[in-house]
Amino acid sequence: MHTATIKQQLIELEQLLVQPATRLSAEMLNRHLADDFYEIAATGRCFGKADVLQRLPSETPPVITQQDFTCKVLSDGLAQLTYRAIIQRTQNDRPSYSVRSSIYRFNGEKWQMIFHQGTVCEPFDVVEYDAMQEKIELLEELRMAEAQLSSGAGVSNNDARAQVLARISELK
């Protein structure tokens, strides 16, 4: 397999692993992390696969933006993907910046992550800043909508649609 093909596959997998739907699913995480997976977080804490499968699905997923990917094939069936990441957690006003490194092993059928490390770094220019801001705003709107629905103050989709159509009619 060519390095460019491996790089593209690993970038897609890395991007999948930071999506909220993946982070909240122990089943999806289990599929993409090798049984001997090991992580050194940017905080310095270390985790094995069992820790990740227990911890991530119970956390509120952060908004993670990744950029500047590089890939190095270490040997046949073993590759390292490095990149820079910006992580915006809902409980923090400021994002965190890190350099990330993931090692993947091809098990004969698919690539699985066997190692991941995040190292805190100085802030850098964000290539996708606007996209990240939009994700954060959407996440805040979803949280507000969930809170409204929980408290009984929410509006059903049909009612919201009727209200929007009524407003449009008023503008004509």
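This structure is a prediction, so every number in the text was calculated from the model and none was measured.
- A heavy-atom distance below 4.5 Å is not found between the side chains of S102 and L17.
- A donor and an acceptor atom, one from each side chain of Q8 and E12, are located under 3.5 Å apart.
- Side-chain contact between T82 and V99 is absent, with no heavy atoms from C-beta onward closer than 4.5 Å.
- Partners of T5 under the side chain to side chain contact (heavy atoms under 4.5 Å, CB included) rule, at least two apart in sequence or in another chain, are M1, H2, Q9.
- Here the OG1 atom belonging to T22 is positioned 3.5 Å from the CG atom belonging to L16, to the nearest 0.5 angstrom.
- Residues V63 and V120 do not share a hydrophobic cluster, clusters being chains of Ile/Leu/Val/Met/Phe/Trp/Tyr side chains in contact below 4.5 Å.
- Counted within 6.0 Å of CD on Q19, heavy atoms from surrounding residues, nucleotides or ligands total more than 12; the atom is thus considered enclosed.
- Residue pairs meeting the salt bridge (Lys or Arg N to Asp or Glu O under 4.0 Å) criterion with at least one partner in residues 78-88, sequence neighbours excluded, are D68-R84.
- With sequence neighbours left out, R94 forms a side chain to side chain contact (heavy atoms under 4.5 Å, CB included) with no residue at all.
- S98 has its side chain out of reach of T119: every pair of non-hydrogen atoms, C-beta onward, lies at least 4.5 Å apart.
- Nearest approach of C71 to I6, heavy atoms of both residues: SG-CG2, 4.1 Å.
- Under the ring pair (Phe, Tyr, Trp, His ring centres under 6.0 Å) criterion, the residue pairs touching residues 62-82 are F69-Y83, with sequence neighbours excluded.
- Atoms CZ and CG, on F47 and L33 in that order, are 13.0 Å from each other to the nearest 0.5 Å.
- Here the shortest heavy-atom pairing between Q67 and I86 reads OE1-CD1, 4.2 Å.
- Hydrophobic clustering (side-chain heavy atoms under 4.5 Å, transitive across Ile, Leu, Val, Met, Phe, Trp, Tyr) keeps L24 apart from V18.
- Using modelled atom types, one finds a donor on one side chain and an acceptor on the other under 3.5 Å when comparing Q80 with S101.
- Around CG of N92, the count of heavy atoms belonging to other residues, nucleotides or ligands within 6.0 Å exceeds 12.
- For T90, the side chain to side chain contact (heavy atoms under 4.5 Å, CB included) partners at least two apart in sequence or on another chain are T60, L139, R143.
- Contact detail for L81 and L10: the closest heavy-atom pair is CD2-O, 3.6 Å.
- Under the ring pair (Phe, Tyr, Trp, His ring centres under 6.0 Å) criterion, Y97 pairs with F124, sequence neighbours left out.
- Members clustered with I103: Y38, I40, L74, L78, I114, F115, by chain and number, using a 4.5 Å side-chain heavy-atom cutoff among hydrophobic residues.
- For an aromatic pair to be called close, the ring centres must be under 6.0 Å apart, and Y104 with W111 fails this.
- The shortest heavy-atom contact between I64 and A85 is CG2-CB, 4.5 Å.
- Pairs engaging residues 95-115 under the salt bridge (Lys or Arg N to Asp or Glu O under 4.0 Å) rule: D36-R105 [sequence neighbours left out].
- Under the side chain to side chain donor-acceptor pair (under 3.5 Å) criterion, S96 pairs with no residue at all, not counting sequence neighbours.
- Nearest heavy-atom pair, N30 versus Q112, reported as atom, atom and distance to 0.1 Å: O-NE2, 4.2 Å.
- For residues 48-66, the pairs satisfying salt bridge (Lys or Arg N to Asp or Glu O under 4.0 Å) are D35-K49, E39-R55, R55-E59, with sequence neighbours left out.
- Of all heavy-atom pairs between P57 and A26, the closest is CG-N, 3.9 Å.
- Evaluation of the salt bridge (charged side-chain N to carboxylate O under 4.0 Å, His left out) rule for E14 yields no partner, not counting sequence neighbours.
- Looking at residues two or more places apart in sequence or on another chain, you find a side chain to side chain contact (heavy atoms under 4.5 Å, CB included) between S25 and E27, M28.
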